[in-house]
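What follows is a single structure, written as structure tokens, with notes after it.
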Amino acid sequence: MKHRPVLDVSELPTYAFGARSPMWWGTLGFCVLEGTGFALAAGAYLYLAFLNPQWPLSAPPPDLIWSSLVTVVLIVSIIPNYLSKKFAEKEDLPRVQVYLIVVLAFGLAAIGLRFLEFGGLHVKWDQNAYGSLLWALLGLHTVHIITDVVDTIVLTVLMFTRHAHGKRFSDVGDNAFYWNFVVLSWLPIYALLYWGPRL
Amino acid sequence: MSEAYAAPDPKELRDHQVDGPELTTRLARTWGTKRGLIGALSTVDHKIIGRRYIVTAFLFLFLGGLAAAAMRLQLARPESRLIGPDLYNQLFTMHGTTMMFLFAVPVMEAFAVYLVPLMLGTRNIAFPRLNAFSYYVYVFGGLMIWVAFMLNIGADVGWFAYVPLSGPEFSPGKRADIWAQMITFTEVSALAVAVEIVVTVPKQRAPGMTLDRIPLFVWSVFVTSFLIIFAMPAVMLASTFLILDRLIGTHIFNPAEGGDALLWQHLFWFFGHPEVYIIFLPATGMVSAIITTFSRRKTFGYLALVLSLIATGFLSFGLWVHHMFTTGLPQLGASFFTASSMMIAIPNGIQIFCWIATLWDGRPVFRTPLLFVLGFFFIFVAGGLSGIMLASVPLDTQVHDTYFVVAHFHYVLIGGAVFPLLGAVYYWYPKIVGRLMDERIGRWHFWLAFVGFNLAFFPMHITGLMGMPRRVYTYQHEMGWDNLNLLSSVGALVFFLSFVVFLWNVITSARKGAVAGDNPWQAGTLEWATSSPPPPQNFDRIPVVTNREPLWAERETLSVAAGLSVDNRELIVSTVSEARADLRESSPEPSVWPFIAAVATGITFIGSIFTPWAAVWGSLIVGVTLIAWFWPKGAKEDEK
């Protein structure tokens, strides 16, 4: 078949930020499917809570202190996370480097606090169905924090090496997007696991 | 914003600077796959991976079919001693697990992986390394399930693996563990492909391919991908909960400690019912493509067909409880799910009427692909009618877990998905292989399949109404089911024979079939605008679309875009609704790391069947492989 050029794309940019970028859509896709997993796990927790007249089963509600600290750390981390994205869009490398390190520090702090949080649950995973789902939901979210922290470490290293240019700034924006998902998905889980039993 | 963001590299060779064979050769070098084992394991070409996916899925179909044939041999006569109850339990588990998890969903995604980029006029799927990873995960997961069966530790708890039957108390040993972990593992692959599709369709369409110009097959797999994203996490969560209950002593499904066995069914069928539509919707896309081409006219009711696809997708999530009518749920819930189950007949009916109208108003050419579509009409409508019967609680209560249900879902799944799929193989085989399949053998294949299928499954409606339960390995002569079972078994063997004929046609046509040329059916969509089989770059220049069937609108000359790099793997990223060209983005280079990451993930999952610590240590190894995968070593933008 013969070709008739009707469009010249040679002047188009080679990367973009946010919803213009396919990677943003991919990240959104994973957020949706993982969010569905969270919603279903939370649904299973509520289903069993509805079936059992006493809930939590044979255990006091989990301690608020560590989980609340995790929550505060995660919420505050949104600020440097937003700044890392903002400066990535401006391709301001020094500031991106600084804010990626700050986000990383928040992420590592959240992981540390999360391990302390497990100690204040007052129930083991193999004690009863309540303990099982509590550990499962918390474990599921912890995997997400660890995954994104590892991703942030890799990205931070890239931004301190010769790879820090072009499309990598767009990757910083997508990393920030995913971190927001990790933070936002925690808030309903926190309310469900820690405040639900106290209502 | 830096200067490099907008300014093109003046040293880069662009496709408007070269033409003809030189352009083709240069692009093929840029997009090609290296020779040798490492090249084969590194490839990120969606066509190579799609072909592997299709062949692997059909191999699993063959294995699942063998399991079915063995069961039908056992049931051909009353009180037969050919197969004992233990092996029979494994056989029906392997049959269901293979057909649903290893054949039906993967084969539909496989066709999407191969065809969607071609139909959209792009050069590769989004996230091609993830695509390669997903294929290896699928192969390893499927192989592991069958290797376990060969080693006599195959799953024996049914493809639904209901607890408490599959729980630690009633299924000691490793059979159910292997099922649970391998299901979670293989579903990673389905989810990965779904994400690739939901990014490829909105972002990589050829310029000008607005939402109302997207081919119906692409619409169908696009909607299906959303179904996968919302439904598959349910079965992964359920199977993960199951392995936790079995391996580390959680009590999620244990009623004695506050858990609930029915929770399993809710989670499983929240996935399991949309699963039917995950299989069926791509088949409707295949039907639309075949009918349009062989009717020689535009599809009647394009918008109605797209809206029906979306409506079916939505409604499919409101049906799961109709699998649980006999579990004692509240009446109100049963009424809601009855209504929603019956309601799904509406969009399906709209689709069928649109197809009939297309045929009615066209000039149909009755080649083998269209024959399979006509077979689909007959069988699927029959299956839909028995589905409406089963949506009624009183009738469902009577025939629950009988062969009536077996007949119904085989009519729906084989009629609704496998017949269109076989038609699709005949239709797209020339594009994939470059040669046409033999038409005479194709007609033999169709009639053997059609007669064999109906002979096998129609009598099951009657044996079911006579009370024959599912999943029994034998029955007594006094029940009066002998002749009907014998008929079903003969039909099953004829149906099996039809696949042998099909296989013969596939193999011989690859060498002896007539050379296809670019567009042997005179079809209108973009996959036919390139050579058969397509070159590594798919298109020398990216088409610019002005019509829903571009090749019918522009028969001699194709409008194209120019200006992409020749020596770099560039493709056009477009805007979501209007498909305006927006970026020239680089597609990832081949890499062996997705393969290594899949091996590492597989080892982690297998290890976790035996010790929970495997998940911890395995995750570290998987993490390392993923970092290597994402590390931009040798990236062309870093070399500038």
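Order of the sequence lines fixes the chain letters, A, B, ..., with proteins taken first and strands second; residue numbering starts at 1 for each chain.
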**Contact winner vs chain B - A/L40, A/L57, A/V9, A/V157, heavy-atom pairs under 4.5 Å** = A/V9
**Prompt:** What residue, out of A/D151, A/L7, A/D171, has the most heavy-atom pairs lying under 4.5 Å from chain B?
**Reply:** A/L7
**Message:** Using the rule given for side chain to side chain donor-acceptor pair (under 3.5 Å), can you reason through B/E554 versus B/S559, listing the C-alpha separation, both sets of side-chain angles and the distance that settles it, and then say yes or no?
**Reply:** CA-CA 8 Å; B/E554 304 184 68; B/S559 299; 2.8 Å; yes
Need one label for [X]: side chain, backbone, both or neither, based on atoms under 4.5 Å from any heavy atom in chain A.
| X | value |
| --- | --- |
| B/I572 | side chain |
| B/F226 | neither |
| B/I248 | both |
| B/E556 | backbone |

**Request:** Would you confirm whether the ring centroid of A/F50 sits within less than 6.0 angstrom of the ring centroid of A/Y47?
**Result:** no
**Message:** Check for me whether the distance between the ring centres of B/H251 and A/W125 falls short of 6.0 Å.
**Reply:** no
**Item:** Student check: side-chain heavy atoms of B/L130 and B/W629 closer than 4.5 Å
**Value:** yes
**Request:** Decide yes or no for B/T557 and A/H3: does some side-chain heavy atom of the first lie under 4.5 Å from some side-chain heavy atom of the second?
**Result:** no
**Prompt:** Among residues 22-37 of chain A, which residues come closer than 4.5 Å to chain B, judged by heavy atom distances?
**Reply:** A/P22, A/M23, A/W25, A/G26, A/G29, A/F30, A/V32, A/L33, A/T36, A/G37
**Item:** Distance-only donor-acceptor check, side chains B/S565 and B/E570, under 3.5 Å
**Value:** no
**Item:** Test item: side-chain donor near acceptor, A/E117 and A/Y194, under 3.5 Å
**Value:** yes
**Prompt:** For B/A561 and B/V544, which heavy atoms make the closest approach, and how far apart are they?
**Reply:** N-CG2, 3.5 Å
**Request:** Tabulate, in ascending numerical order, the residues of residues 259-266 of chain B having at least one heavy atom closer than 4.5 Å to a heavy atom of chain A, or enter 'none'.
**Result:** B/G259, B/D260, B/L262, B/L263, B/H266
**Complete:** Which of A/V96, A/V103, A/V172, A/V150 passes side chain to side chain contact (heavy atoms under 4.5 Å, CB included) with A/L155? Answer is A/V172
